[in-house]
Asks: 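Have a look at the structure that comes next, please.
Small disclaimer: the values here were computed from a predicted structure and weren't measured. Residue numbers start from 1 in every chain, and the chains themselves are labelled A, B, ... in the order their sequence lines are given, proteins ahead of strands.
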Protein chains: 2
Amino acid sequence: MSKHENSRCENCIIRQMNSFKALKKEELKQMADHKETKVIKKGEIIFSEGERLGGVFCVRNGISKLSKMSDNGRDQIVKLATKGEVLGHRSVISSEATNLSATALEDMEVCFIPKTHIEEPLQTNPVFTNAVLKHMAQELKFADDVIVNMAQKTVRQRLAEVLMYLEDNFGVDDEGYLYLQLSRADVADVVGTATELLIRTLTKFKKEDLVSTSGKRIKIEDKKALYNIVEGI
Amino acid sequence: MSKHENSRCENCIIRQMNSFKALKKEELKQMADHKETKVIKKGEIIFSEGERLGGVFCVRNGISKLSKMSDNGRDQIVKLATKGEVLGHRSVISSEATNLSATALEDMEVCFIPKTHIEEPLQTNPVFTNAVLKHMAQELKFADDVIVNMAQKTVRQRLAEVLMYLEDNFGVDDEGYLYLQLSRADVADVVGTATELLIRTLTKFKKEDLVSTSGKRIKIEDKKALYNIVEGI
DNA sequence: CGAGGTATTGATGCCGGTCAAGCGTTGTGG
DNA sequence: CCACAACGCTTGACCGGCATCAATACCTCG
């Protein structure tokens with residue numbers, strides 16, 4: 001694949017997956033002229049809570065976590081963002097410091113896009129603005145659902161839900177194991193519990209033949225049963 | 001105050017408090033010609049989760065709760081909305097059924113605005129669209145913070161936070177009691193716990209002289225101490 | 001092959017959910 | 001105006017859920 005093809009936003013396939021598809025050719029050209037492609041290694045921080053961002057990050061490859069440190073010192077993962085998602089758009093839109101930190105869970109390739117090239121189309125291209133607006137409405141709905149789950153469901157229910165989420169959104173490898181290999185601590189930070197309890201709950205699932213593991217890898221064996229757990233049946 | 005003055009959106013003071021201030025005179029006139037003012041009694045439901053809304057509700061007076069029923073049968077209050085807030089905008093923007101139910105906590109006066117008069121300016125008035133977008137970005141940030149709190153903080157911490165939120169956002173009466181008199185069950189649904197535990201935690205606060213009560217009314221006595229509790233100190 | 005990180009298991013005690021009963025308070029009809 | 005019903009508030013008792021500390025296996029990378 002030629003370098004040229006990848007390096008121009010106009011030709012970037014990623015664009016088909018997010019609000020950028022509503023941008024005009026001219027706007028994309030501007031963007032391509034000023035973007036900066038970055039390679040980020042697993043574990044590296046893309047930005048930290050409280051930072052002021054000069055632009056947004058468009059994920060071209062790899063998976064990242066968006067998390068926030070609670071006052072009590074534990075991290076909560078609020079979202080997992082992968083290929084096609086844009087990081088930092090919320091802070092750029094509201095001209096504020098970021099509320100969340102972003103960290104690479106795998107080696108990543110991201111494009112940094114200076115905020116001018118977001119702000120300007122927001123003023124002049126209503127199709128783009130509406131696309132962003134709809135996307136944010138979806139995120140808000142999702143966030144409300146998470147609030148209800150966190151407040152009302154048990155760790156067992158939340159873990160069942162997270163496992164299915166991981167399968168549905170990131171897929172499985174050829175042996176049926178979840179493609180995304182999070183550490184136990186990261187899964188615990190998504191579920192919102194301590195690592196030890198997470199492991200215990202996972203062990204219970206294994207004993208009930210709902211999941212199986214191989215090293216850190218996890219495979220869902222009985223999705224319907226997991227679904228029933230989420231529903232509280 | 002003349003009926004005429006109140007009944008025209010162009011003259012409505014409420015408008016100064018939300019994104020509608022970005023609308024043009026002509027758009028407001030259209031809106032005023034088609035809106036419908038409704039009086040809603042305490043306890044009545046404005047709309048229910050899963051309903052398809054034909055428009056949005058602009059709160060002119062009174063306070064409402066936005067809640068969602070969890071699978072396990074308990075209600076979670078996600079937001080309290082008062083004068084100047086718009087209900088249902090998320091579902092109208094994403095053309096979906098509502099994700100939350102809205103219920104009046106006091107007698108209310110709301111204006112129902114058919115969605116056409118929201119959708120059209122969203123296409124043609126970028127100032128309005130951007131105002132809505134910024135507002136939604138704020139809501140999303142707030143939601144993320146709530147997720148972290150729900151997942152990581154104790155009932156004691158969350159109650160302390162909710163009490164301060166109630167004081168900061170809805171004020172106190174002339175005796176210093178919280179203006180908004182929620183039932184214990186409603187407070188529990190905001191905090192995300194059972195009514196009994198909520199009452200026990202509140203009782204502890206009383207014994208520690210952090211709050212006092214008179215009937216269902218609650219007064220904060222030592223805000224700084226509550227703040228320390230939230231921070232986990 | 002050590003060394004440091006990660007996964008797992010045990011033990012312990014507090015936190016929080018639930019059932020049940022008692023105590024106002026309000027409101028409604030006789 | 002009282003009686004009683006209905007509802008919300010409060011407290012007790014109980015127990016399972018969850019956090020925390022500690023110790024042990026595992027694993028992976030220099």
Asks: So, does A:Asp186 use its side chain to make a donor-acceptor pair with the main chain of A:Leu182 at under 3.5 Å?
Replies: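 Pair absent, no side-chain N/O of A:Asp186 close to backbone of A:Leu182.
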Asks: For nucleotides 24-30 of chain D, give me every protein contact, N/O to N/O, under 3.5 Å, one pair per line with atom names.
Replies:
none

Asks: Taking the side chain of A:Ser183 as its heavy atoms from C-beta onward, which of D:dC18, C:dA7, D:dT11 lies nearest to it?
Replies: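 Nearest to the side chain of A:Ser183 among the choices is C:dA7.
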Asks: Does B:Asp145 pair with A:Lys68 as a salt bridge, N-O distance under 4.0 Å?
Replies: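 Yes, this pair counts.
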Asks: Could you tell me whether the side chain of B:Ser67 reaches within less than 4.5 Å of the side chain of B:Asp189, counting heavy atoms only?
Replies: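 Contact flag for B:Asp189/B:Ser67 side chains = no.
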Asks: Separation of A:Met150 atom CE from D:dC18 atom P, in whole Å?
Replies: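 From A:Met150 CE to D:dC18 P: 13 Å.
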Asks: Tabulated below should be each protein N or O lying under 3.5 Å from an N or O of nucleotides 11-14 of chain C; please produce it.
Replies:
residue, atom, partner, partner atom, Å
C:dA11, N6, A:Arg200, NH2, 3.2

Asks: Identify whether the distance between the nearest side-chain nitrogen and carboxylate oxygen of B:Asp144 and A:Lys79 falls below 4.0 Å.
Replies: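 Not counted as a salt bridge, because no side-chain N and carboxylate O are separated by less than 4.0 Å.
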Asks: Taking only N and O in the side chain of B:Thr195, is any of them less than 4.0 Å away from OP1 or OP2 of D:dC9?
Replies: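 No, because none of the side-chain N or O atoms of B:Thr195 sits under 4.0 Å from OP1 or OP2 of D:dC9.
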Asks: Take the protein atom CZ of B:Arg158 and the nucleotide atom P of C:dC15, then report the distance between them rounded to whole Å.
Replies: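 These atoms are roughly 14 Å apart.
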Asks: Look at the side chain of B:Glu196 and decide which nucleotide, out of C:dT18, C:dT9, C:dA7, has an atom nearest to it.
Replies: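 Comparing C:dT18, C:dT9, C:dA7 against the side chain of B:Glu196, the answer is C:dT18.
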Asks: Establish, with yes or no, whether the OP1 or OP2 oxygen of D:dT20 is under 4.0 angstrom from a side-chain nitrogen or oxygen of A:Arg74.
Replies: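 A:Arg74 to D:dT20 OP1/OP2: side-chain N or O found under 4.0 Å.
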Asks: If I take atom CG in residue B:Leu198 and atom P in nucleotide C:dG17, what distance separates them, rounded to the nearest angstrom?
Replies: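 After rounding, the gap between these two atoms is 10 Å.
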Asks: Between A:Asn72 (CG) and D:dC18 (P), how many Å, whole number?
Replies: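 So the CG-P distance, A:Asn72 to D:dC18, works out to 16 Å.
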Asks: Under a 4.0 Å N-O cut-off, is there an ion pair linking B:Glu139 with B:Arg90?
Replies: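 No.
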Asks: When you check the gap from the basic side-chain N to the acidic O, do A:Arg156 and A:Glu208 get nearer than 4.0 Å?
Replies: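 The answer is yes: the pair qualifies as a salt bridge.
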Asks: Whether the side chain of B:Gln76 engages the backbone of B:Val190 through a donor-acceptor N/O pair (distance < 3.5 Å, no angle test) should be reported.
Replies: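 Pair found, side chain donor or acceptor close to backbone of B:Val190.
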Asks: Output the rounded distance in Å from CZ (A:Arg184) to P (C:dT6).
Replies: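 Taking CZ of A:Arg184 and P of C:dT6, I get 13 Å after rounding.
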Asks: Give the rounded distance in Å between these two atoms: NZ of B:Lys206 and P of D:dC9.
Replies: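 It works out to 12 Å between those atoms.
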Asks: Can you tell me the distance, in whole Å, between the CD1 atom of A:Ile218 and the P atom of C:dA7?
Replies: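 Atom-to-atom, A:Ile218 to C:dA7, this comes out as 10 Å.
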Asks: Under 4.0 Å between any heavy atoms, over every strand shown, what does A:Thr154 touch: base, sugar-phosphate, or nothing? Just pick one.
Replies: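 Counting heavy atoms under 4.0 Å across all strands, the contact made by A:Thr154 is with sugar-phosphate only.
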Asks: If you measure from the Lys or Arg side-chain nitrogens to the Asp or Glu carboxylate oxygens, is any gap between A:Lys207 and A:Glu221 under 4.0 Å?
Replies: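 Salt bridge flag = no for A:Glu221 with A:Lys207.
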Asks: Is there side-chain contact between A:Val78 and A:Leu100, with heavy atoms separated by less than 4.5 Å?
Replies: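 When only atoms from C-beta onward are counted, A:Leu100 and A:Val78 do touch, with a gap below 4.5 Å.
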Asks: Rounded to the nearest Å, what distance is computed from the CG atom of residue B:Leu197 to the P atom of nucleotide D:dT10?
Replies: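 From B:Leu197 CG to D:dT10 P: 14 Å.
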Asks: Would you find a donor on one side and an acceptor on the other, under 3.5 Å apart, between the side chain of B:Asp222 and the backbone of B:Val211?
Replies: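 No; judged by distance alone, with no hydrogens or angles, the pair does not exist.
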Asks: Among the nucleotides C:dG16, D:dC9, C:dT8, which one has an atom lying closest to any side-chain atom of B:Ile199?
Replies: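 That would be D:dC9.
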Asks: Compare side-chain N and O positions of A:Arg156 against OP1 and OP2 of D:dG17 and report whether any pair is under 4.0 Å apart.
Replies: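 No, because none of the side-chain N or O atoms of A:Arg156 sits under 4.0 Å from OP1 or OP2 of D:dG17.
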Asks: Does a side-chain N or O of B:Thr203 approach OP1 or OP2 of D:dT11 to a distance below 4.0 Å, or not?
Replies: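 Yes, because at least one side-chain N or O of B:Thr203 sits under 4.0 Å from OP1 or OP2 of D:dT11.
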